[in-house]
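Data first, discussion second: the structure below is written as structure tokens.
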Amino acid sequence: MILTNKEIADIFENIADILEIQGESHFKFLSYRRVSEIILELPRDLQAYVDDGTLLDIPGVGKAIGAKITELVETGQLGYYEERKSEVPLGVLNIKRINGVGPKKAKLFWDELNITSIEALKAAAEQGKLAALAGMGKKSQQKVLDGIESLARRSERTPIGKALPAAQAILDMLLEIPEAQEGAIAGSIRRGRATIGDVDILISSDNAQPIMDAVVNMEGVARILGYGETKSSVELHNGLQVDVRVLARKNWGAALQYFTGSQAHNIKIREIARQKGYSLNEEALRPIDADGNLKPESDYIFCETEQEVYETIGLQWIAPEMREDSGEIEVAQKNELPNLIIISDIQGDLHMHTTYSDGKLSIREMAEAARERGMKYIVITDHSQASVQAGGLKPEEILAQQAEVRQVNDAMGDDLQVLHGVEVDIKADGSLDYDDDILKQLDFVVASLHISLRQEKEKITQRLLNAIQNPYIHCIGHPTARLISKRDPVLVDMDAVMDAAKQHNTALEINCNPERLDLDSQYVRLAIQKGVLLSINTDAHNLRMMDYRSYGIMTARRGWTEAKHVINTWSYAKFIEWVNHRG
DNA sequence: TTCGGATGCGAAACATCTGCACACAGATG
């Protein structure tokens, strides 16, 4: 049985929880937790690292954890884990996942009341048994009950496509309050993560009270988690947690830096600040003397901008999307940060649908919408016949469509070039849904997986390789076919796919649809490292989806993408030159 | 536990707020 990276990461997460509950050394359980997080961001499956002997090159993987990964990859299980599991029941770990219950409380309930499941904990709380425990009380007992209820309501993480608009609406509402001066969305939304744990909002003001009141009284609040002088947290009925923090204008830079995270990034930044003689908190850089004591407040460096924070401790300003402690700090120290792509670099959109298949707008309407959004060129790429559910086009239909595309292109004049393409299905047997003599009549062809997505890894990989090697295929659309929190990515040897894409000069797509964001950022970074070309496309089926470009840009930036890596940042002339002479 | 620099061992651990208990656990980036 082959374990996925996610399954192995879950095992290490559980081991970390067990060790924490058992009161093991801080460093020990943190090592497991750190490795668990790192594994989730790896671009290859762990089997590949074991096979080519690079396992110990993964940061945080040493002798002990390396041996455990090897055992898991080779046998599908881990003796150490089985042993530890018998010492702390898994139900106790679930209890620790209740909001407001940590390792100490979980152990307390287990030791004193022999509680090893959430159901048992709920029953004990309802019978008033928890309140009698040392360190507990009636309020703590109620908090446990609230936490259990909340656990049922909260899904794991929220797709950024839902979280960002919700956050923006709350921010807009708070900025209506007269006392609110300035505001920003921080946290993982600002870092552009595909999924969001909670919403972090920052407001500058000299009077926090009205803002705190507005937060806990706003529409949609299911539960108040915290209601403090400068910080409040609420949980919404849709399960989303919202944290709002108010601070003075002079603290803005330090606060925004702090509240943007990631936690791992911040810890390292604060360590560097320490080395430079500062203690960094969310208010200021505070100089410390030789004994490590804070100097008086008159010496504090209040930073109105994040730039000041980074520059004062000798770093280039690091873009939020890069702040994951995945090497960006070391690169910033050397002044070698990449010049990340920005949304206005995009000149063309190479993947979009019309009423010919499952789109909602005509070719003309799509073209006009693209022109309004500053595009210089687009490719109309409706579905091919195998995508029956999407009204895919038969060969004669796609050829007939060409006349209308040419017509619209003429109508658009020099402002916008409208090209004719297709999103051709890669069929289950690896063949393409159109013959080459059809494909070669099209200007630009995207090939995508839509069916038979649960095939074994070798088959999927071979299907993608077939498409990449075809001289009439210019781009692979949404290469892993994932749907965030709905469908896992296909199993694929991404190394082989990217090496082939490099060799055959085929671009890989970053699909901007926030349900897809595919390639995901860790694969984007691998592609950049391998010199594979990318394209960033909306895959728009309607007007609203044309504005999803920013999600794709954030994903690209998370993968350290520069404009030069992306074929649709190029001028139309350069793009066409590449299309026709990829060789 | 990893890491570095050593071939056994020390260091790693930023900084704050909130709530509920009466000092600390839990949560946040």
ask   = Are A/S279 and B/dA15 close enough that a side-chain N or O sits under 4.0 Å from OP1 or OP2?
value = yes

Next on the checklist: What's A/L30 touching, base or sugar-phosphate or nothing? Going by heavy atoms closer than 4.0 Å.
Outcome noted: nothing

Does B/dG26 have OP1 or OP2 under 4.0 Å away from a side-chain N or O of A/N99? no

side-chain N/O A/R270 vs B/dT16 OP1/OP2, d < 4.0 Å: no

Rounding to an integer number of angstrom, what distance separates B/dC3 and B/dG8 when you compare their C1' atoms?
14 Å

Check the angle between the aromatic planes of A/Y32 and A/Y80 and answer parallel, tilted or perpendicular using the 30° and 60° thresholds. parallel

side-chain N/O A/S140 vs B/dA21 OP1/OP2, d < 4.0 Å: yes

Examine B/dC14: is either OP1 or OP2 under 4.0 Å from a nitrogen or oxygen in the side chain of A/N266? Give yes or no.
no

**Asked** Does A/R286 place a side-chain N or O at less than 4.0 Å from the phosphate oxygens OP1/OP2 of B/dT16?
**Response** yes

Give one of base, sugar-phosphate or nothing for A/Y258, where a contact means two heavy atoms less than 4.0 Å apart. base

- Item | Distance test, side-chain N/O of A/Q241 to OP1/OP2 of B/dT28, below 4.0 Å | yes

Residue pair A/P103/A/E229 against DNA chain B: nearer the 5' end by closest nucleotide is A/E229

Regarding the side chain of A/K104, the nearest nucleotide among B/dG26, B/dA15, B/dT2 is B/dG26

With a 4.0 Å limit, can you tell me whether A/T230 has a side-chain N or O closer than that to the phosphate oxygens OP1/OP2 of B/dT18?
yes

Closest to the side chain of A/K231, out of B/dT1, B/dC17, B/dG26, is B/dC17

| said: Categorize A/K63 for me: base, sugar-phosphate, or nothing, with a 4.0 angstrom heavy-atom threshold over every strand shown. | reply: sugar-phosphate

Taking B/dT1, B/dG26, B/dA13 as options, the one with an atom nearest any side-chain atom of A/K105 is B/dG26

Tightest non-hydrogen contact, residues A/L202 and A/L171, listed as O-CD1, 4.5 Å

